[in-house]
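Note that the numbering runs from 1 along the sequence shown for the chain. What you see is a predicted model, and the numbers here were worked out from it, not measured in a lab.
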Amino acid sequence: MIASILPAGVVAEESHADEPAAGLFPEELRLTAGMSEARRREFAAVRHCARRAARRLGVPDAPLLPGHRGAPRWPAGVVGSMTHCPGYRAAALARAEAVRAVGIDAEPHAPVPERMARGIALPEERERLRALHRLDDGVCWDRLLFCAKEAVYKVWSPLTGVWLGFHEASITIDPDTRTFRARVLRPVPAAVEKGFPAELHGTWTTGRGLLIAAIVLPTAPSALPSSPAHRPRAGRYRRGANSP
């Protein structure tokens, strides 16, 4: 699913089943102490996806340990993102010379609770969600908004090292092209301000009971070709943080 919304040059692997924890490096196994069996299998499965993707880039297997705010520390010369939700695990990686950051997120295709929805959406976004629901009530647009904001955070956080709240990004979803635009509403740190776009552009898809969103920030506008696979159709809560 996820490969269809990523540009050429970004490799992705996904799984709808868990992998045994035996596939972990000793350093990773130590991190699983105290986890439930389900969480250990989830932890192992998403790393299995990431290592499969890394091999396609010619990068040897290595431990993927959490760094700042829980984001994985990728091998030198690689950027990436991982995501997991019930029934789905995925990782997307790219070479750092072509891509500055990748953010992916997958969520169950189900409405978010009302209280959570208020914590996610800005007033302007709530207006857009109402319009989207009138246009097509077969998509859980509030969950997609959450998914897109998680993808934004996963691009923003590794580059800036700064927290970004749900109300600090404004998302506009295009239902026809299955894309979205994100404006970050807080100042970009001076260290990364040069080259950081005024808007982040992402893609999304739905299927198999899931919503998936992705943002790829290239090093330059021409660094990556567009994906031939993607075609348009006629408060604070959990943070993924490219998370384990």
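Proximity of the aromatic rings of Tyr153 and Phe166 is defined here by a centroid distance below 6.0 angstrom, and this criterion is not met.
Side chain of Thr203 to main chain of Ile5: a donor-acceptor pair is present (N/O by atom type, distance under 3.5 Å, no hydrogens or angles). At least one donor-acceptor pair closer than 3.5 Å links the side chain of Lys149 to the backbone N or O of Ile120. A distance-only check finds a donor-acceptor pair linking the side chain of Trp156 to the backbone of Val162 [under 3.5 Å]. A donor-acceptor pair under 3.5 Å is absent between the side-chain atoms of Lys154 and the main chain of Ala101, judged by distance alone. Between the Thr32 side chain and the Arg40 main chain, no donor and acceptor come within less than 3.5 Å of each other. In this structure, the side chain of Glu14 does not engage the main chain of Tyr88 through any donor-acceptor pair within 3.5 Å. A donor-acceptor pair is defined here as one N or O able to donate and one able to accept, closer than 3.5 Å; no such pair exists between the side chain of Arg186 and the backbone of Gly165. The closest donor-acceptor contact from the side chain of Arg56 to the backbone of Ala12 lies under 3.5 Å. Put simply, the side chain of His16 gets close to the backbone of Gly87: a donor and an acceptor are under 3.5 Å apart. No donor-acceptor pair under 3.5 Å is formed between the side chain of Arg181 and the backbone N or O of His201.
Annotation for Val192 and Arg100: closest pair O-NH2, 3.8 Å, computed over non-hydrogen atoms. The two atoms that bring Val11 and Ala53 nearest to each other are CG2-O, 3.4 Å, heavy atoms only. Listed here is the closest heavy atom pair of Ala38 and Asp18: O-OD2, 4.5 Å. Minimum heavy-atom separation, Val216 to Pro7: CG2-CD, 3.7 Å. When all heavy atoms are compared, the tightest approach of Pro197 to Leu200 is CG-CD2, 3.8 Å. For Ala182 against Val152, the heavy-atom pair with the smallest separation is CB-CG2, 3.5 Å.
Seen from the ring of Phe43, Arg39 does not count as a face-on cation partner, given the 6.0 Å and 45° thresholds.
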Verdict with supporting geometry, Arg178 and Thr206, side-chain contact (heavy atoms from CB on, under 4.5 Å): CA-CA 9 Å; Arg178 292 199 170 197; Thr206 181; 3.5 Å; yes
CA sep, side-chain torsions, deciding dist, call: Leu145, Phe180, side-chain contact (heavy atoms from CB on, under 4.5 Å): CA-CA 9 Å; Leu145 179 69; Phe180 62 91; over 6 Å; no
Stepwise side-chain contact (heavy atoms from CB on, under 4.5 Å) check, His109 with Arg143: CA-CA 7 Å; His109 193 183; Arg143 181 72 68 171; 5.6 Å; no
Test side-chain contact (heavy atoms from CB on, under 4.5 Å) applied to Leu65 and Glu28, step by step: CA-CA 7 Å; Leu65 305 176; Glu28 295 169 327; 3.8 Å; yes
Criterion salt bridge (Lys or Arg N to Asp or Glu O under 4.0 Å) on Arg118 and Glu114, from CA distance to verdict: CA-CA 6 Å; Arg118 291 195 300 269; Glu114 177 58 32; 3.7 Å; yes
Verdict with supporting geometry, Glu13 and Arg55, salt bridge (Lys or Arg N to Asp or Glu O under 4.0 Å): CA-CA 11 Å; Glu13 292 287 343; Arg55 286 177 211 140; over 6 Å; no
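By the rule that hydrophobic residues join a cluster once side-chain heavy atoms approach within less than 4.5 Å of another member, Met116 and Leu122 end up as members of separate clusters. With hydrophobic clusters built from ILVMFWY side chains whose heavy atoms lie under 4.5 angstrom apart, Phe146 shares a cluster with Trp163. The hydrophobic cluster containing Leu64 also contains Val78, counting ILVMFWY residues as joined when their side-chain heavy atoms lie under 4.5 angstrom apart, directly or transitively.
With salt bridges taken as basic N to acidic carboxylate O contacts below 4.0 Å, none links Arg73 and Glu27.
The distance from atom CG of Asp105 to atom OG1 of Thr83, rounded to the nearest 0.5 Å, is 4.0 Å. Atom SG of Cys147 and atom CG of Asp142 lie 11.5 Å apart (nearest 0.5 Å). Separating the CZ atom in Phe25 from the CG atom in Asp61 is a distance of 5.0 Å, to the nearest 0.5 Å. In this structure, OG on Ser15 lies 6.5 Å from CZ on Arg52, to the nearest 0.5 angstrom. One finds the CH2 atom of Trp74 at 4.5 Å from the CG atom of Leu93 (value rounded to the nearest 0.5 Å). In this structure, CD1 on Ile173 lies 12.0 Å from CG on Leu135, to the nearest 0.5 angstrom.
Using modelled atom types, one finds a donor on one side chain and an acceptor on the other under 3.5 Å when comparing Ser170 with Arg128.
The shortest side-chain heavy-atom distance between Val79 and Leu217 does not fall under the 4.5 Å cut-off. When side chains are defined from C-beta on, Asp136 does not count as touching Pro175, because their heavy atoms never get closer than 4.5 Å.
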